[in-house]
Amino acid sequence: MVTLGTKIIGDFGGYTELWNGEVVTIETFDVGPREAEVKVKWDNGTHTWVVKGEINTNKYAGIGYYTEEAFYA
């Protein structure tokens, strides 16, 4: 489950280092996808908006966004 404060890991493959961040906002917008979007603030100070359904909460499966629990399971 993705809630405020959930730790997120971004795996972009290749020789790119893992990005570590935290969910700081959850919103549903009136346009675009109807699924909630989460704002992830990364340790490097940047942020990314991600559709909640794109965050894998089950287990590691390659490139993508993961909760910390799913990534290290």
Side-chain angles (χ1 to χ4, degrees):
M1 174 178 261
V2 178
T3 59
L4 288 178
T6 300
K7 301 292 184 189
I8 301 294
I9 297 176
D11 183 351
F12 306 108
Y15 294 103
T16 305
E17 65 183 68
L18 297 176
W19 285 28
N20 296 291
E22 179 178 337
V23 174
V24 294
T25 304
I26 300 175
E27 291 189 28
T28 302
F29 297 98
D30 292 334
V31 296
R34 296 286 182 224
E35 190 172 359
E37 295 184 34
V38 299
K39 183 178 183 180
V40 178
K41 182 176 180 192
W42 302 108
D43 288 346
N44 65 6
T46 63
H47 72 271
T48 304
W49 284 96
V50 180
V51 175
K52 196 173 181 181
E54 292 181 3
I55 299 173
N56 190 327
T57 59
N58 296 321
K59 64 179 182 174
Y60 180 75
I63 295 172
Y65 298 101
Y66 297 89
T67 60
E68 187 175 54
E69 294 80 17
F71 187 83
Y72 292 113

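Note that this is a predicted model, so its numbers are computed, not measured. Numbers here are sequence positions counted from 1.
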### Task
Measure from the side-chain N and O atoms of E35 to the backbone N and O of G53, and report whether any donor-acceptor pair falls under 3.5 Å.
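Confirmed, E35 side chain pairs with G53 backbone.
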
Taking a hydrophobic cluster as the set of Ile, Leu, Val, Met, Phe, Trp and Tyr residues connected by side-chain heavy atoms closer than 4.5 Å, whether directly or through intermediates, do [X] and [Y] fall within one such cluster?
X   : Y   : answer
V51 : I26 : no
V40 : I9  : no
I8  : W49 : no

### Query
So T3 and M1, side chain to side chain contact (heavy atoms under 4.5 Å, CB included) or not? Walk me through it.
CA-CA 6 Å; T3 59; M1 174 178 261; 3.8 Å; yes

### Message
Restricting to non-hydrogen atoms, name the atom on N56 and the atom on N58 that form the minimum distance, rounded to 0.1 Å.
### Response
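In this case the closest contact between N56 and N58 is OD1-N, 2.7 Å.
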
### Query
How many angstroms lie between NZ in K41 and CG in N20, if you round to the nearest 0.5 Å?
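Answer for the NZ-CG pair, K41 versus N20, is 14.0 Å.
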
### Message
Less than 4.5 Å apart, side chain to side chain, heavy atoms only: is that true for E17 and F12?
### Response
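Side-chain contact under 4.5 Å: no.
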
### Message
Measuring only between side-chain heavy atoms, which start at C-beta, is T25 closer than 4.5 Å to V38?
### Response
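T25 does not reach V38 side chain to side chain.
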
### Query
Do we see a donor-acceptor contact under 3.5 Å between the side chains of D11 and Y60?
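Yes, side-chain donor-acceptor contact under 3.5 Å.
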
#### Entry: Working for side chain to side chain contact (heavy atoms under 4.5 Å, CB included), residues E27 and E37
CA-CA 5 Å; E27 291 189 28; E37 295 184 34; 5.7 Å; no

### Message
Under the ring pair (Phe, Tyr, Trp, His ring centres under 6.0 Å) test against W19, which residue among F71, Y66, W42 passes?
### Response
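Between W19 and the candidates, ring pair (Phe, Tyr, Trp, His ring centres under 6.0 Å) is satisfied uniquely by W42.
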
#### Entry: N-O pairing of K7 and E22 below 4.0 Å
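Between E22 and K7 there is a salt bridge, with a charged N closer than 4.0 Å to a carboxylate O.
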
### Chi angles and distances behind the side chain to side chain contact (heavy atoms under 4.5 Å, CB included) call for V2, T57
CA-CA 8 Å; V2 178; T57 59; 3.9 Å; yes

